[in-house]
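Read through the structure below, which is laid out as structure tokens, and then see the notes.
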Amino acid sequence: MRASRYFLPTLREAPAEAELVSHRLLLRAGFIRKLSAGVYSYLPLGLRTLNKVADIVREEANRIGAIELLMPALVPFDLLKETGRDAVEVLYRTEDRTNRQFALGFTHEEVITDIVRGHVQSYRDMPLCLYQIQTKFRDEPRPRAGLIRAKEFEMFDAYSFDSNEEDLDRIYKAMWEAYERMFRRMGLETLVCEAEAGDIGGSDNHEFMVVTPGGEDRVLLNEKTGFAANAERCDVGGTYEPASAEGVPPVEKVSTPGMRTVEEVTSFLKVSASKLVKTLLVRAGDETVAALVRGDRELNPYKLARRLGVPKVEMLEADAVRKATGADVGFAGPVGLQDVRIIADQEVRSMADFVVGANEDDAHLVHVCHGRDFEVHEFADIRIAVDGDPSPDGGVFKEVRGIEVGHIFKLGTRYSEPMGAVFTDEEGKEHPILMGCYGLGIGRSMQAVVEVSHDDAGIIWPVSIAPFEVVILVVNPEDRQQQEAAETLYTELQQRGVDVLLDDRDERAGVKFKDADLIGYPLRVVCGRTVAEGNVEVKWRREPDANPLPLSDAAQTISEWIAHERNRSL
RNA sequence: CGGGGUGUGGCUCAGUCUGGUAGAGCGCUGCGUUCGGGACGCAGAGGUCGGCGGUUCAAAUCCGCCCACCCCGACCA
């Protein structure tokens, strides 16, 4: 490709919208362009890289026997009703001219299960694993950071079908390993962690995280054992001896006018937040539950919901809080609460002499002890883990941030059962099919690479997913010798199958150098003044210095280097 | 959905408080000089100041409503 006839809309200044480095660089280097919040066009360079990422994913999926197909983006609403996922909030809803309702595909468990239930009837038809690479639509409440969280995005989604647990375990493991190869090949180091399953559901699931300060997920990592979990999911370890109320003065009511938040109460009463217990009132199904956590901790609603055996818990609204406690939000406490189940974080077990709300406007109680002043119905791990917490498998957690580039799930019968996707076993008995699903963000992975591989001048692509593997830069197109050397090398590299861009634009050399660094071609070949001596200058983007290379065998040498780099992985 | 912020030429922004001729840099067009890390000179083109309504002799500027976008929190590849 010749740059003079290509589309390289690089930006000298970063558009104001971009916060994250990778977002800014993709915009500036002309890979993507925003159309609307969370909706992006892939410009020619961006599409080339996106396709290369997709090809790696395809190759590795095929390698483990998965089979590609393509499902529609329009999904009849009735199909989602079969599994209750018509209530999912991020669904885009639409209807056709006869008022038939559709959703835009956000993931395709129902569609694939519908296909499979018609055709897989015997244990002999499995194992089966199907996948697609397709545009997904999600009405994200808050799109952000370019391709990291978009409303429309490219995703690889695979679905496995098995007749027994062992086979499901086998494909789950095979996909896990395939993911590791995929990410390594695109230049990403990933951390696998336990996670919440969200709207997908199912049992086991693992996320593949690219660890970077720019990531939006918090991950707790036990460096000693390698165990890692998303903060949404992470269990807190440690042992908690019951505290004794002995020697603690009797409960005393104190006036705390208008002091609702932990910060207000602690600074007003001059106690630290760790000496306060928050009482959070939540609705779990039909029941109202008071969840108690230390003042400086955060309730983990997922853990609480699991503990209570309900799909989700939600915070009570202000008027419901008043009904339950007799006081405004901010003054709830466990002492004297009627008809409300009290569940406390395990950490509270070893606390005594703490501060709680008085269930009365503008008042708190001090010197409170559980067991003496109120009964906790249950102690459990219900708070969000943070940096420095004990890990359940020993050792201490370190908190890091990550970009979730992949997520794999064992679904079990979550979809097959309600949708009637059953098979007949050896004995002629019917069972629901055991499923798994495996998602990988194509565009998100592309941006994650930029996030972890760039410098002040621009992107540093690995050869495996670079839009062009080599750029040939003609310093002075007026110089016949330089121009001819570049043309010859360009043709020869093309013949050898190298993705090469010839920057023959009538621009000053500085502009071309800056663009080359910004766009991040892995190898730069300069045809400049050294051509007169029979040399070109070659420089890897990831290395600081350029070296001379004789023109005579440049094409041969470069194509060998590139061939070698293509197969290189982390 | 809650909190904070921003909408002025293709991009980055000033001007808004204190109403009175719409500005700068980059980019773009033409000519000339330059030519190995985002050149210089001269001449130009380009803007319903997010939208609608109001106040006023007069609105980018004041008031009201709406919209879009960004950032921080509840969701996910």
Side-chain angles (χ1 to χ4, degrees), chain A residues 9-20 23-24 27-28 30 33-39 53 57 88-91 106-108 133-158 179 195-200 205 207-210 215-217 230 232 298-302 312-315 317 402-409 437-448 457-458 473-479 482 505-518 524 526-531 537 539 546:
Chain A
T10 54
L11 267 26
R12 186 177 297 215
E13 281 169 292
E17 70 198 56
E19 191 85 348
L20 207 60
H23 184 198
R24 207 156 45 221
L27 246 14
R28 275 194 62 206
R33 194 191 148 100
K34 187 177 76 176
L35 182 59
S36 169
V39 182
V53 171
V57 170
V88 168
E89 287 138 298
V90 296
L91 275 188
F106 68 119
T107 171
H108 282 70
I133 293 176
Q134 189 215 30
T135 306
K136 295 284 187 272
F137 299 87
R138 292 186 194 174
D139 189 2
E140 287 289 345
R142 186 152 94 84
R144 55 177 292 271
L147 269 25
I148 295 294
R149 191 188 206 76
K151 293 185 150 194
E152 178 178 338
F153 58 96
E154 302 308 306
M155 186 171 115
F156 160 89
D157 49 319
Y179 269 40
E196 280 296 331
D199 283 324
I200 307 278
N205 74 94
E207 286 175 331
F208 287 72
M209 291 285 186
V210 174
E216 55 178 353
D217 283 290
N230 193 309
E232 289 177 345
E298 222 178 316
L299 174 71
N300 184 328
Y302 297 101
K312 65 189 289 192
V313 297
E314 36 191 22
M315 299 291 289
E317 306 75 27
I403 298 171
E404 180 195 358
V405 287
H407 201 158
I408 60 178
F409 305 77
C437 80
Y438 316 87
L440 187 154
I442 304 288
R444 191 183 264 193
S445 294
M446 164 174 152
Q447 189 173 331
L473 203 153
V474 191
V475 173
N476 179 8
E478 309 271 283
D479 182 314
Q482 290 183 18
R505 288 177 301 168
D506 183 21
E507 288 282 356
R508 296 172 64 83
V511 171
K512 291 191 267 198
F513 278 111
K514 290 285 186 194
D515 269 352
D517 286 347
L518 177 60
R524 185 187 76 194
V526 175
C527 294
R529 60 170 89 89
T530 60
V531 166
E537 294 156 57
K539 178 184 171 299

Check this one for me: any side-chain N or O of [X] less than 4.0 Å away from OP1 or OP2 of [N]?
X	N	result
A:Tyr302	B:C75	yes
A:Lys151	B:C76	no
A:Arg142	B:C72	yes
A:Ser36	B:C69	yes
A:Arg12	B:G27	yes

Would you say CZ of A:Arg33 has more than 12 non-hydrogen atoms from neighbouring residues, nucleotides or ligands within 6.0 angstrom? no
Look at the side chain of [X] and the base of [N], then say whether one donor and one acceptor between them are separated by less than 3.5 Å.
X	N	result
A:Arg33	B:G10	no
A:Arg144	B:C72	no
A:Arg508	B:U34	yes
A:Gln482	B:G36	no
A:Asn476	B:G36	no

Here the gap from A:Arg12 atom CZ to A:Leu518 atom CG, rounded to the nearest 0.5 Å, amounts to 11.5 Å
I'd like to check, for A:Phe513, whether its ring lies over the base of B:G36 with centroids under 5.5 Å apart and a plane angle smaller than 30°. no
5′-ward residue of the pair A:Asp217/A:Leu11 relative to RNA chain B: A:Leu11
How long is the line joining [atom1] of [X] and [atom2] of [N], in whole Å?
X	N	atom1	atom2	answer
A:Arg28	B:U12	CZ	C1'	12 Å
A:Glu17	B:A68	CD	P	16 Å
A:Glu19	B:U6	CD	P	15 Å

Given that both distances must come in under 3.5 Å, which nucleotide forms a Watson-Crick or G-U wobble pair with [N]?
N	result
B:U34	none
B:G2	B:C72
B:A43	B:U29
B:G53	B:C63

